[in-house]
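Below is one structure, written out as structure tokens; comments come after it.
In each ligand, atom 1 is the first atom listed, and ligand 1 is the first ligand listed.
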Amino acid sequence: MSLKKKKKITSLIICFLLLLLLPIVFSKPTRNLDGTGTARAPTVQQIRNKHGTREVIVDNGIIRVSFSSPQGLITGIKYKGIDNVLSPHQRARGYWDITWQGGLDQVEGTKFRIITQNQEQVEISFSRTWESGSRSRSHHHIPLNVDKRYIIRKNTSGIYAYGIFERLPEWPEFDMGQVRIVFKLDQDKFHYMVVADDIQREMPTDGDRDIHRGHAKALGYKEAVQLIHPHNPMFKNQVDDKYQYSCEIKDNKVHGWISTKSHVGFWIISPSGEYRSSGPVKQELTSHTGPTAIASFISGHYLGTDMDVHYGEAWKKVLGPVFIYLNSGDDLLWEDAKRQSKEEVKAWPYDFVASSDFPSRRERGTVTGRLLVNDGLLTPGRFAYVGLAPPGEAGSWQTNTKGYQFWTKTNETGYFKISNVRPGTYNLYGWVPGFIGEFRYKNRVNVASGSEIRLGKVVYKPPRNGPTLWEIGVPDRTTREYFVPEPYKNTINPLYLNHTDKFRQYGLWQQYTELYPNHDLVYTIGASNYSQDWFYAHVTRNNGDSTYKPTTWQIVFHLPYVNMRGSYTLQLALASASRANLQVRFNNQYTMPLFSTGYIGRDNAIARHGIHGIYRLYSINVPGRLLRTGTNTIYLRQAKASGPFEGLMYDYIRLEEPSRD
Ligand SMILES: *[C@@H]1O[C@H](CO)[C@@H](O)[C@H](O)[C@H]1NC(C)=O
Ligand SMILES: *[C@@H]1O[C@H](CO)[C@@H](O)[C@H](O)[C@H]1NC(C)=O
Ligand SMILES: *[C@@H]1O[C@H](CO)[C@@H](O)[C@H](O)[C@H]1NC(C)=O
Ligand SMILES: *[C@@H]1O[C@H](CO)[C@@H](O)[C@H](O)[C@H]1NC(C)=O
């Protein structure tokens, strides 16, 4: 054989080998395709299991989901040869829950129905209607009709879940702390949690949190523990607290868990904000040690208790659908989950939901316009938040839980388009970073089925009574720009070291007393720098013996001239308040306060590692006679101090001169 021929054969063999290798190189799974062709039309089976209890089983060849019937708790999810990805140790593994004054209600259904069953999908319902009268079975149930729906589609590795909640006007009043869907996963499998690209880590176990067995030490409140003897010594002295993984609704599209052993991911995908409550920057829990994953619809976290249900009120709200997505592969499970979450957003509003309470895309409307800001000069309302929410006062969307909300952001020139709006009557609300206050468009907006409403130019005139004398911070509804200290060495969460969200560490509030041991914070306009000299939260002073006392901050400023007969304005924007009362005095801290907020706030943003809760703006009229030529002092006293967590966060403060007109 000639050398040439030999070479040719060798290269042919190499080519052949490469061809053989190709499928291996390209079959590395990056998406959830089992490729076995097992996908088939979903089936529904009703059985009695070995304990004699009824179960409903839906199987599409990719996943097999078991429900207790007619309660409708998800008892098992079989996927990729794993018999159950959910926890074997708990009865409630995949369930709705509502916290209300009657306790915890897992809204167990009393009636099972198959809503849809065809080649493409199965939709099932577990429902419960409320009966009035104290002797009725509904006695311990929240006074709502609830219809829990689950959809399992062909060739889909996941479950769509939604709930239809209805209240009739004559039913009793109650307070509703939270409404959510919770999944408890198998702790032997799921150890790695992902909330965002830069918020993901190996997690401690539920057992690591056990303070009774001495695995952990209790901290300032029950959700936070310090890990003393964790199963993985790497976690020693770290803090575990579910609130460190809170996320604003606008960013909370997908989160969940990865089993690195089984190469399986479990994700909660929330394709829309319409069914959530309290607007786009409301913070909700995501996933946390357990392993637990949550789809939160309504909660008082970072908000307070302003969402009670009142007598005479009637409403019906569809919560969801959210998508519980499972994927598998060697790696890139998080990347695949993000890709899937984009698909779900694109498919919203889903066209396969059977309930007539869920309008299709065709039945929804669009609202467009351009937001301008008139703060002396007319400028585009750039990158502003605008949204449709139930009619109310400016800012009322912050506490609204019973209606739908549709939010978007304007572009650089102020244009906005709000799509897929359910038919109804709304107000158009908004706020613009860089400006104070709440926008509300003067007319109500009636969205009819299939309509497109062009509002044209809408103008927001932020509160202002005169030119700026000085300001502290930036109006962005957070305390992000102020001084946030480094965490204590023995209570860190290493995830947030060198992180833009450094405020998510435990115990930062305690450092105020250490930074200001003898006197409270004094901020001098012109000399101080708010990113170093303005503590991110106005907290109480720790006396060191489990008692606390109020603190009084000072703003010192110089006026070369005072208009004694003029009226100055202190614009004071708060980013958060928890059981606080802020008193404002000028030049004499022992007088009656010029202004007092009264008792405000239950958002608990200080304890929950937030940089904001609810936004409040106070425009305080300051008579010129209270000011002096030369040095002036404003005293900001937070007067409530029964513990470490009463306090405030400032968004922005500005002193305005009397108007020149
Ligand atoms: C099944 O779903 C996958 C991923 O979404 C898709 O690529 C594939 O074409 C689907 N197969 C069928 C038969 O519809
Ligand atoms: C903003 O949106 C409007 C309307 O869609 C468009 O005409 C304009 O080009 C956009 N401006 C920028 C800067 O993207
Ligand atoms: C954080 O940054 C500092 C200094 O840049 C570095 O020494 C440290 O290793 C970093 N820590 C983490 C957890 O990345
Ligand atoms: C204030 O402090 C920050 C952070 O230390 C610094 O980047 C900024 O330049 C300072 N501003 C002024 C006006 O000195």
- request: With heavy atoms of Q532 as the reference, note each atom of ligand 4 found under 4.0 Å away.
  value: 1 (C), 2 (O), 3 (C), 4 (C), 5 (O)

Which N/O atoms of ligand 2 sit under 3.5 Å from a protein N/O, and at what distances?
from     : atom 1 : to   : atom 2 : distance (Å)
ligand 2 : 2 (O)  : N411 : ND2    : 2.3
ligand 2 : 11 (N) : N411 : ND2    : 3.0
ligand 2 : 11 (N) : T413 : OG1    : 3.2
ligand 2 : 14 (O) : N411 : ND2    : 3.4

task: Taking N632 for its side chain and G630 for its backbone only, find out whether a donor-acceptor pair lies under 3.5 Å.
output: yes

Those atoms of ligand 4 less than 4.0 Å from some heavy atom in S531: 1 (C), 2 (O), 3 (C), 4 (C)

task: Give me the ring orientation class for W534 and Y482: parallel if the planes are under 30° apart, tilted from 30 to 60°, perpendicular past 60°.
output: tilted

query: Who are the ring pair (Phe, Tyr, Trp, His ring centres under 6.0 Å) partners of Y350, not counting sequence neighbours?
result: Y160, W348, F352

- prompt: Is D351 salt-bridged to R362, going by a charged N under 4.0 Å from an acidic O?
  reply: no

statement: The side chain to side chain contact (heavy atoms under 4.5 Å, CB included) partners of K250 (sequence neighbours excluded) come to E248, P280, V281, Y385

- request: Check the pair K417, E452 against salt bridge (Lys or Arg N to Asp or Glu O under 4.0 Å), reporting the backbone distance first and the verdict last.
  value: CA-CA 10 Å; K417 177 176 183 179; E452 178 170 346; 6.0 Å; no

field: For D197, side chain to side chain donor-acceptor pair (under 3.5 Å) partners two or more places apart
entry: W334, K338

